[in-house]
Amino acid sequence: MKKRKVEVVVISDVHLGTYGCHAGELVSYLKSIQPKIVILNGDIIDIWQFNKSYWPDLHMQVIKCITGFMARGIKVYYVTGNHDEMLRKFVGFEMGSLEIVNEVVLNLDGRKTWIFHGDVFDVTMQNSKWLAKLGAKGYDSLILINRMCNYFSERMGRGKLSLSRKIKNSVKSAVKFINDFEQIAAEIAISNGYQYVICGHIHQPVIKNIKGKEGEVIYLNSGDWIENLTSLEYNKGSWKLYHFHEDHHRVMAARAKTFKDSKINSNELFENLVRELNFVKP
């Protein structure tokens, strides 16, 4: 399959190391594109819930795809999030084309785009981190239950459903939090003269205009690879949301690849990674 050329791709909230991560689909997507800039907008590796006993080969394949971009000289920004907050100690670190940062500002065709994860707006994160971590574990459990329900639902011909999305959309406080989150991000972006502001964190993929007291800005959220399986792509002067579920041919390829790659040995993947980074001569 010929790779699609993408000027900039933004991916967030992959949560590698958790049961909810759709690593197979993400691998299929990453192998389908040829980007100039890759922005990993936080929560790529879920260090909060990291467990050495759970790291499937497909999760390693995601890392391999990212290092593959680096090996080809493609600029990769790793923007820190709350689930991978330990990396904030290494902000400013550069290795080849990889750079660890708290935010990215890009000038795209004369328009400034401000990119950051977004957990800085989360009051729960700032004041009750233990509660946020407890919520993360509950969310991961909910995803597992959701997958089980979808298995039986599809067998009965009723299609898929999203329990977490239904809960978010039905709880008034959750809806208010999302609206406040978006408005705050927009207001700050407008006051700093940005034309676009991109966040992750809340797992709500969207592109929309938001008006503030001093003007308006285009707010974007890259979504996640737990439920929505979305990314943001910039090409020829405009942003668009990529939805993996709408790409039926690639979905089928991902399912086949998931079965195939599940048999790959982790040691083999690591050896390939070492060769790609030129740590040893082939």
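Everything quoted here is computed from the prediction, not taken from an experiment.
Proximity of a side-chain donor or acceptor of Ser97 to a complementary backbone N or O of Ile74 within less than 3.5 Å is detected. A donor-acceptor pair is defined here as one N or O able to donate and one able to accept, closer than 3.5 Å; such a pair exists between the side chain of Thr230 and the backbone of Ser222. A donor-acceptor pair under 3.5 Å links the side-chain atoms of Ser12 to the main chain of Gly223, judged by distance alone. Within the 3.5 Å criterion, the main-chain N or O of Ile226 finds a donor-acceptor partner in the side chain of His22.
Judged by the 6.0 Å distance and 45° axis criteria, Lys75 is positioned over the aromatic ring of Tyr77.
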Take His203 and His15, measure what side chain to side chain contact (heavy atoms under 4.5 Å, CB included) needs, and give me the verdict at the end. CA-CA 11 Å; His203 297 204; His15 295 275; 3.5 Å; yes
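When all heavy atoms are compared, the tightest approach of Gly237 to Tyr196 is O-OH, 4.1 Å. Cys199 approaches Asn41 most closely through the heavy-atom pair C-ND2, 3.5 Å.
The side-chain hydrogen bond (donor to acceptor under 3.5 Å, both in side chains) with His201 is formed by just one residue from the set Asp13, Asp119, Asn82, Asp224; it is Asn82.
Taking the six-membered ring where the residue is Trp, Tyr219 and Phe181 present perpendicular rings, their angle passing 60° and hence far from 30°.
By the 4.5 Å heavy-atom criterion applied to side chains, Phe116 and Val197 are counted as neighbours.
Here Asn107 contributes atom CG and Thr113 contributes atom OG1; the two are 8.0 Å apart, rounded to the nearest 0.5 Å.
A donor and an acceptor atom, one from each side chain of Tyr29 and Ser231, are located under 3.5 Å apart.
With respect to Glu7 and Lys236, no salt bridge is recorded, no charged nitrogen being found less than 4.0 Å from a carboxylate O.
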